[in-house]
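Since the model is a prediction, treat every value here as computed from it, not as a measurement.
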Amino acid sequence: KILILGPKKRNSSIINFLKKQNIQIYQFESLIDLSNKKIKECDLILSSGYAYKIDKEVVSNFKNKIINLHATFLPWGKGIGTTFFSLLRHEPMGYSFHFIDNDFDTGNIISRKLLLPKINDTSRTYYTRLIKSLNENFINSWPLIKKLNFKDYQQNSFKSFAKYYSRLDFEKLIYSFPKGYDTPIKKLVIIGDMIKSNKLFFNNFYE
């Protein structure tokens, strides 16, 4: 039995695949805890696009049995709406599978894959392709994932200047772009260049 946390639409291909494997699926978008008997019956929890921090008791009871399918190339891109931030900061782009611990997007990495945007992409078209690739990768990796026997990696073993971005951070950012999710990738990269250049200028000027 597998519990899937996150929007049904985002996870529909994974849900359909697992059902064809004769696996019983429970799917929730709301906040969960161990008072729900269905959760206690599960052998594995998958989180993808889930809007809540998972309860500490749930994490403790399912140690190394909660996997997050995260739409950035960790340790870069922790938090909400982070493809936008990663583009502005010129960080590696892609997705990651990692174990969930008691913090946001900090658990050990199981696997990750780079996926570069195309020159004519908008944030929306890139993200749509990203989620499609993430789901396909999970399905193709299922024979290994179901064994829960991984060589995982602590995130601090990768050198990065990664930041965590909250929902409030993302909402402040997205509303500053008139086209929102349909902002061209090229524009985000150019703005990122301008921000970086201005920081370098002012840092040098005030030294």
Side-chain angles (χ1 to χ4, degrees), residues 1-7 10-11 14-15 18 23 25-34 36 38-86 89 91-115 127 130-131 133-170:
K1 296 178 182 178
I2 295 179
L3 171 63
I4 294 182
L5 301 175
R10 169 168 167 157
N11 294 292
I14 290 177
I15 291 171
L18 293 174
I23 296 171
I25 300 296
Y26 301 126
Q27 186 259 332
F28 286 89
E29 295 184 42
S30 57
L31 191 62
I32 62 164
D33 58 48
L34 290 179
N36 189 317
K38 289 182 179 179
I39 294 170
K40 292 181 179 179
E41 294 173 359
C42 290
D43 304 296
L44 175 67
I45 299 177
L46 299 175
S47 171
S48 184
Y50 187 54
Y52 302 96
K53 187 176 183 181
I54 297 177
D55 184 82
K56 288 183 178 180
E57 287 190 3
V58 176
V59 174
S60 177
N61 276 266
F62 286 87
K63 184 174 175 60
N64 291 338
K65 291 185 178 180
I66 310 178
I67 297 174
N68 188 33
L69 312 184
H70 187 67
T72 65
F73 194 75
L74 291 172
W76 295 274
K78 294 182 174 73
I80 305 295
T82 46
T83 52
F84 247 78
F85 289 106
S86 290
R89 291 169 59 88
E91 295 173 341
M93 304 292 293
Y95 53 84
S96 312
F97 299 166
H98 72 95
F99 288 121
I100 285 182
D101 57 15
N102 287 318
D103 211 339
F104 287 107
D105 303 328
T106 56
N108 286 8
I109 294 172
I110 297 167
S111 70
R112 57 186 190 159
K113 183 176 181 179
L114 288 167
L115 185 69
Y127 188 76
L130 186 74
I131 296 301
S133 181
L134 181 154
N135 289 348
E136 288 174 350
N137 196 340
F138 174 86
I139 290 169
N140 292 335
S141 302
W142 176 245
L144 294 174
I145 292 173
K146 68 180 180 182
K147 295 177 182 178
L148 289 175
N149 184 19
F150 307 108
K151 182 177 181 181
D152 50 297
Y153 303 88
Q154 291 185 357
Q155 293 199 35
N156 60 15
S157 65
F158 301 98
K159 290 184 179 179
S160 75
F161 298 98
K163 292 182 64 177
Y164 169 80
Y165 296 99
S166 68
R167 185 174 297 278
L168 181 61
D169 292 329
F170 177 61

Practice prompt. Work out which heavy atom in Asn64 is nearest to a heavy atom in Phe99; give both atom names and the distance.
Written response: O-CE2, 3.3 Å
Discussion item. Would the distance check show the side chain of Asp105 and the main-chain N or O of Gly79 forming a donor-acceptor pair, the cut-off being under 3.5 Å?
Written reply: yes
Worksheet item: Asn68 versus Leu46: any side-chain heavy-atom pair under 4.5 Å?
Response: no
Practice prompt. Applying side chain to side chain donor-acceptor pair (under 3.5 Å), name anything that partners Asn61, two or more places apart in sequence or on another chain.
Written response: none
Can I get a per-line list of side-chain donor-acceptor pairs under 3.5 Å for residues 143-154, giving both atom names and the distance, sequence neighbours left out?
from	atom 1	to	atom 2	distance (Å)
Asp152	OD2	Asn108	ND2	2.7

Practice prompt. Look up atom CD1 in Ile66 and atom SG in Cys42, then write down how far apart they are to the nearest 0.5 Å.
Written response: 10.5 Å
Worksheet entry | Residue pair Met93 / Phe73: nearest heavy atoms and the distance that separates them | C-CB, 4.0 Å
Discussion item. To the nearest 0.5 Å, what is the distance between CG on Leu134 and OH on Tyr95?
Written reply: 6.0 Å
Worksheet item: Using the benzene-type ring in the case of Trp, are the ring centres of Tyr52 and Tyr50 under 6.0 Å apart?
Response: yes
Worksheet item: Is there a donor-acceptor contact under 3.5 Å from the side chain of Arg112 to the main chain of Leu74?
Response: yes
Fill in: Sequence-distant partners of Phe85, ring-ring contact (aromatic ring centres under 6.0 Å, His included), two or more places apart
Tyr165
Worksheet item: Would you call the rings of Phe138 and Trp142 parallel, tilted or perpendicular if under 30° counts as parallel and over 60° as perpendicular?
Response: tilted
Worksheet item: Can you find a pair of side-chain heavy atoms, one from Val59 and one from Ile100, that are under 4.5 Å apart?
Response: yes
Worksheet item: For Glu91, what residues pass the side chain to side chain donor-acceptor pair (under 3.5 Å) criterion, not counting sequence neighbours?
Response: Ser86, Arg89
Worksheet entry | Heavy-atom pair with the smallest gap, counting every atom of Ser48 and Pro7 | O-CD, 3.5 Å
Worksheet entry | Under the side chain to side chain donor-acceptor pair (under 3.5 Å) test, residues paired with Thr82 that sit two or more places apart | none
Worksheet entry | Partners passing ring-ring contact (aromatic ring centres under 6.0 Å, His included) against Phe158 (at least two apart in sequence or in another chain) | none
Worksheet entry | Exercise: do Thr72 and His70 side chains pair donor with acceptor under 3.5 Å | yes
Practice prompt. For residues Ile80 and Arg167, report the shortest heavy-atom separation together with the two atoms involved.
Written response: CG1-N, 3.9 Å
